[in-house]
Amino acid sequence: MKNAQYTPTDNPMLTGTLGRCPQCQQGHIFKGYLQLAERCEVCGLDYSFADPADGPAFFAMTIAAVPALAFGVWFQMAFELPLWVHVFTTVPLTILSCMALLRPLKGWLVCSQYFHKAEEGSIDHAWHSEAAAKKADQA
C-alpha cells in the first residue's frame with residue numbers, strides 16, 4: 001500500500017534505530033520492546049516482509065562482548081575479587097548491554113530490508129540450465 005504522500009526513508013539506520021516505519025517515517029515498527037507490529041498505524045505498511053531472524057542478537061552479543069570482557073578482566077585484575085562477584089557485576093552488565101542494543105539493531109535491520117527490497121533467496125533454475133549447457137558446449 002504505497003502512498004505518494006509519504007516519503008520512504010533514505011537512511012534506514014536512523015529510521016530503524018528510532019523505531020519508525022521505513023515507508024512514512026512517522027508510524028512505529030514495534031508494538032512491544034522487541035515485537036514487531038503487524039502494520040504501520042500511519043501509512044498501513046504491512047511488516048510481514050520483515051524477518052531479521054537472529055541478526056540483531058548476533059550483532060548485539062558481538063558488540064557487547066568485547067567491552068564486557070574488558071571490564072570483567074580489569075575488574076578481576078584490579079581488585080582480585082572472588083569469581084562469584086562477576087555474577088553481580090559483569091554478567092548483568094553484559095545482559096543489559098545486549099538488551100539496550102537489541103531494539104535499535106532490530107529496527108535498523110527491518111528498515112534495511114525495506115530499503116534494499118530484500119526477499120527470500122531462490123535458485124534460478126533457468127540460469128543454471130543455460131550455464132550447464134554452455135559448459136557442455138565448451139567441452
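In this chain, numbering begins with 1 at the start of the sequence shown.
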Quick check for you: to the nearest 0.5 Å, what is the distance between [X] atom [atom1] and [Y] atom [atom2]?
X	Y	atom1	atom2	value
Gln35	Arg103	CD	CZ	11.5 Å
Thr89	Trp84	OG1	CH2	9.5 Å
Thr94	Leu69	OG1	CG	8.5 Å
Arg39	Cys21	CZ	SG	11.5 Å

- Taking atom types as modelled, is there a side-chain donor on Glu38 or Tyr47 under 3.5 Å from an acceptor on the other?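 On atom types as modelled, these side chains do not qualify, holding no pair under 3.5 Å.
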For [X], look at atom [atom1] and say whether over 12 heavy atoms of other residues, nucleotides or ligands are found less than 6.0 Å away.
X	atom1	result
Asp54	CG	no
Asp124	CG	yes
Phe49	CZ	yes

With hydrophobic residues grouped by side-chain heavy-atom distances under 4.5 Å, do [X] and [Y] end up in a single group?
X	Y	value
Phe88	Trp74	yes
Leu102	Phe59	no
Ile63	Phe58	yes
Val85	Leu96	no
Ile95	Tyr33	yes

Distance-minimising heavy-atom pair for [X] and [Y]:
X	Y	result
Pro92	His86	CD-O, 4.2 Å
Leu109	Pro52	CB-CB, 4.1 Å
Val110	Ala50	CG1-CB, 3.7 Å

- Step by step, work out the side-chain contact (heavy atoms from CB on, under 4.5 Å) result for Phe71 and Leu93. CA-CA 9 Å; Phe71 170 76; Leu93 174 70; 3.6 Å; yes
- Message: I'd like to know whether Tyr6 forms a side-chain contact (heavy atoms from CB on, under 4.5 Å) with Val42, so could you lay out the CA-CA distance, the side-chain angles of the two residues, the decisive distance to 0.1 Å, and finally the verdict.
- Response: CA-CA 10 Å; Tyr6 301 116; Val42 175; 4.0 Å; yes
Does a side-chain heavy-atom distance below 4.5 Å link [X] with [Y]?
X	Y	answer
Ile29	Cys111	yes
Pro8	Tyr114	yes
Lys106	Phe30	yes
His128	Ile123	yes
Cys40	Cys24	yes
Gln76	Leu83	yes

- Item | Candidate list Thr15, Leu45, Asp46, test side chain to side chain contact (heavy atoms under 4.5 Å, CB included), partner Gln23, passing option |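 Considering Thr15, Leu45, Asp46, a side chain to side chain contact (heavy atoms under 4.5 Å, CB included) with Gln23 is found only for Leu45.
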- Task: Taking side chain to side chain contact (heavy atoms under 4.5 Å, CB included) as the test, write out the residues that go with Asn11, two or more places apart.
- Result: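 With sequence neighbours excluded, Asn11 shows a side chain to side chain contact (heavy atoms under 4.5 Å, CB included) to Thr9, Met13, Leu14, given in chain and number order.
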- Message: Could you go through Arg20 and His28, starting from their C-alpha distance and side-chain angles, then the distance that decides it, and tell me whether this counts as side-chain contact (heavy atoms from CB on, under 4.5 Å)?
- Response: CA-CA 5 Å; Arg20 298 294 183 184; His28 297 89; 2.9 Å; yes
- Measure up the Phe79 and Phe75 rings against each other and bin them: parallel (under 30°), tilted (30 to 60°), perpendicular (over 60°).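 Taking Phe75 first and then Phe79, their aromatic rings stand perpendicular (interplane angle over 60°).
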